[in-house]
Amino acid sequence: MKLYNFFRSGTSHRLRIALNLKGLQTEYVPVDLRTEQHLKAEFKTLNPQGLVPALALPGAAGQPGPVLIQSPAIIEWLEERHPTPALLPADPEARAHVRALAAIVGCDIHPINNRRILEYLRKQLGCDEAAVNAWCATWISAGLEAYEALLAADKTRGRYSFGETPTVADVYLIPQVESARRFKVDLAPYPNIVAVDQACAELEAFRRAAPLQQPDAQ
Ligand SMILES: N[C@@H](CCC(=O)N[C@@H](CS)C(=O)NCC(=O)O)C(=O)O
């Protein structure tokens, strides 16, 4: 499998964590967002949306296989194709809870702080860096505040966002915490999130997926 990704991309980071937790190896193919390689025709033949990550699967008899896009879809595919270790709990209500935690990050924080949105703020709306950072901090904080409240309310929670083993909630949360630090969001109001981040940092799967561990990190 070829993983088209960028070291500092949160969606790439979440997919790297999920792949590592499943014990799967991939060939790392860097797509540099800083030089807009993702917008070039070559990459758009893989993902017409021009966004990372993309996961190219091997085909039969040396032929190219399908290219999977959209990290939530790829992570669901991983869970279906490689069910062990499970990244979702068995109980349907618990699954809905874990998916909701992941969606706070995946649907409500990340999309509005994505590079192309920030570029629009800068170039079309004339925002300076202070305004862009304030935008990011506002929406990251709003999402983390809700995530923290859900962690605090879960009296049976273990070391991670749900239970005693990592789930897709952690897969989504940890890259968002990384990004929060980059945008200098104060994490002090989120002690449960900080504790989950520390628990995940003890796991090799999370450590190996970190942005600065990637071959294109500079
Ligand atoms: N919903 C997509 C979002 C992918 C996405 O936004 N990727 C970002 C990097 S984290 C990207 O390629 N951004 C390029 C840009 O905004 O120009 C997914 O989860 O895969």
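Numbering starts at 1 and runs along the sequence shown.
In the model, N20 has no side-chain atom that pairs as donor or acceptor with a side-chain atom of R207 under 3.5 Å. In this structure, a donor-acceptor pair under 3.5 Å is absent between the side chains of Y147 and N192. A donor atom on one side chain and an acceptor atom on the other are not found under 3.5 Å apart for E119 and Q124.
Note on F6: it does not cluster hydrophobically with F183, by side-chain heavy-atom contacts below 4.5 Å among ILVMFWY residues.
Annotation: salt bridge (Lys or Arg N to Asp or Glu O under 4.0 Å) contacts of K22 (sequence neighbours excluded): E79.
More than 12 heavy atoms of other shown residues, nucleotides or ligands fall within 6.0 angstrom of atom CD in E204. Residue-environment remark: CH2 (W139) stays at or below the threshold of 12 foreign heavy atoms within 6.0 Å. For Q25, the CD atom counts as loosely surrounded, since its 6.0 Å shell holds 12 or fewer non-hydrogen atoms of other residues, nucleotides or ligands.
Each of R182, Q176, H110, E145 was evaluated against I140; a single residue qualifies, Q176, per the side-chain contact (heavy atoms from CB on, under 4.5 Å) test. Checked against L3 for a side-chain contact (heavy atoms from CB on, under 4.5 Å), the options L19, V29, V52 give a single hit: L19. Shown are L87, L21, L15; of these, the side-chain contact (heavy atoms from CB on, under 4.5 Å) with L78 is made only by L15.
Ion pairing between a basic and an acidic side chain is recognised when a charged N comes within 4.0 Å of a carboxylate O; R157 and E164 show no such pairing.
The shortest non-hydrogen separation linking I75 to V168 is CG2-CG1, 3.7 Å.
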